[in-house]
Amino acid sequence: TVRPKNEVEHKQLCAFGEYVAEILPKYIQQVQVTCFNELELMIHPDGIIPVLTFLRDHTNAQFKSLADLTAVDVPSRQYRFEIVYNLLSLRFNSRIRVKTYTDELTPIDSAVSVHKAANWYEREVWDMYGVFFANHPDLRRILTDYGFEGHPFRKDFPLSGYVEV
Amino acid sequence: VFTPSVQTTGLVGLAVAENPHERLRILYTKILGVLQNIPKDAAYRKYTEQIVNQRFSLVQAETDVQKLQDKLNSGHIEEVIVQAENELSLARKMLQWKPWEPLVEEPPSDQWRWPI
């Protein structure tokens, strides 16, 4: 069985994507809607706080809930890490994904000032990938052992690690 | 002493608003005042003015709170007040960020290509 295509929702998401891209041309590099009706916004890293605040506070957006904050490691790119924010709007029952990029050394603005939920998610991204978040209230390791060296989710980190247990 | 006709909003942390029409009138005029400082051709100003004027006219036309809530179709009147406060703070921040300017920096050509 194949999931039936929802053309109406697809059109609505396309329209909303164009709306946001028209309001924030300074930061939005690309907008796409996947075939599964997921709206994705590709952002320049300087624009994280403006875009997230806009999506949270604007009347037509109201994405009050940060559902997830993760990173993706693609080592072949110049900016290898792709930071992904998944937002949910309770008023309009709609989801949106915001993506940014950075490399190992460039810090990224912390989203904690916009969404308190980002606190532990950013600690996890720091611990697992090594992406530094500027203005984070308490950026320290959260999942790895106390003296652990390295960032385990990077693609160049071996599966069994460097230390024998 | 304010004795509300509805006992509670039913929402945690939101008290029943006394005189919501006055509060909304003040907030919407403040938002429109902040929007005046944004360039006229900016999309944010255009769309936000549209939303605010639409809601403002509904607020001025309808004096009954229940009917106003139904017409606005955006939850309790207290939630509408919170949303207007958020829009006001957003408008003030937009004045500093100026997101209507052209793109800051183009991404590297392979950045958003998927599959790699």
is_close_aromatic(A:F63, A:F92), centroid dist under 6.0 Å: no
Stepwise side chain to side chain donor-acceptor pair (under 3.5 Å) test for A:Y19 and A:N60: CA-CA 10 Å; A:Y19 174 75; A:N60 276 351; 3.0 Å; yes
Pairwise distance CD(B:Q111) to CD(A:E82) - rounded to 0.5 angstrom: 6.5 Å
Spatial distance of atom CG (A:L39) from atom OG (A:S94) [nearest 0.5 Å]: 7.0 Å
Inter-chain contacts: residues 45-58 of chain B against chain A, heavy atoms under 4.5 Å: B:K46, B:Y47, B:T48, B:I51, B:R55
Chain A contact residues among residues 78-100 of chain B, heavy-atom distance under 4.5 Å: B:E79, B:Q83, B:N86, B:E87, B:S89, B:L90, B:K93, B:M94, B:W97, B:K98, B:P99, B:W100
Step-by-step salt bridge (charged side-chain N to carboxylate O under 4.0 Å, His left out) determination, A:E40 to A:K99: CA-CA 7 Å; A:E40 300 183 354; A:K99 293 195 187 187; 3.8 Å; yes
Inter- and intrachain pairs under side-chain hydrogen bond (donor to acceptor under 3.5 Å, both in side chains), touching residues 58-67 of chain B, at least two apart: B:E62-B:K71
Going only through I, L, V, M, F, W and Y residues with side-chain contacts under 4.5 Å, is there a path from [X] to [Y]?
| X | Y | value |
| --- | --- | --- |
| A:Y162 | A:F148 | yes |
| A:Y101 | A:L69 | no |
| B:W112 | A:Y85 | no |

For [X], does the [atom1] atom sit with more than 12 other heavy atoms under 6.0 Å from it, leaving out its own atoms?
| X | atom1 | result |
| --- | --- | --- |
| A:K64 | NZ | yes |
| A:R97 | CZ | yes |
| A:N93 | CG | no |

Any donor-acceptor N or O pair under 3.5 Å, side chains A:S89, A:Q62: no
Under 3.5 Å side-chain donor-acceptor pair for A:T144 and A:R141: yes
CA sep, side-chain torsions, deciding dist, call: A:R80, A:V74, side chain to side chain contact (heavy atoms under 4.5 Å, CB included): CA-CA 5 Å; A:R80 73 189 283 195; A:V74 187; 5.7 Å; no
Residues in residues 3-17 of chain A that sit under 4.5 Å from chain B, counting heavy atoms only: none
Answer with side chain, backbone, both or neither: which region of [X] has an atom nearer than 4.5 Å to a non-hydrogen atom of chain B?
| X | value |
| --- | --- |
| A:I28 | backbone |
| A:E22 | both |
| A:R77 | both |
| A:I43 | backbone |

Greatest number of heavy atom pairs closer than 4.5 Å to chain B - which of A:Q29, A:H44, A:Q32: A:Q29
Candidate list A:L139, A:T102, A:I108, test side-chain contact (heavy atoms from CB on, under 4.5 Å), partner A:F132, passing option: A:L139
Side chain, backbone, both or neither of B:P102 within contact of chain A (heavy atoms, under 4.5 Å): backbone
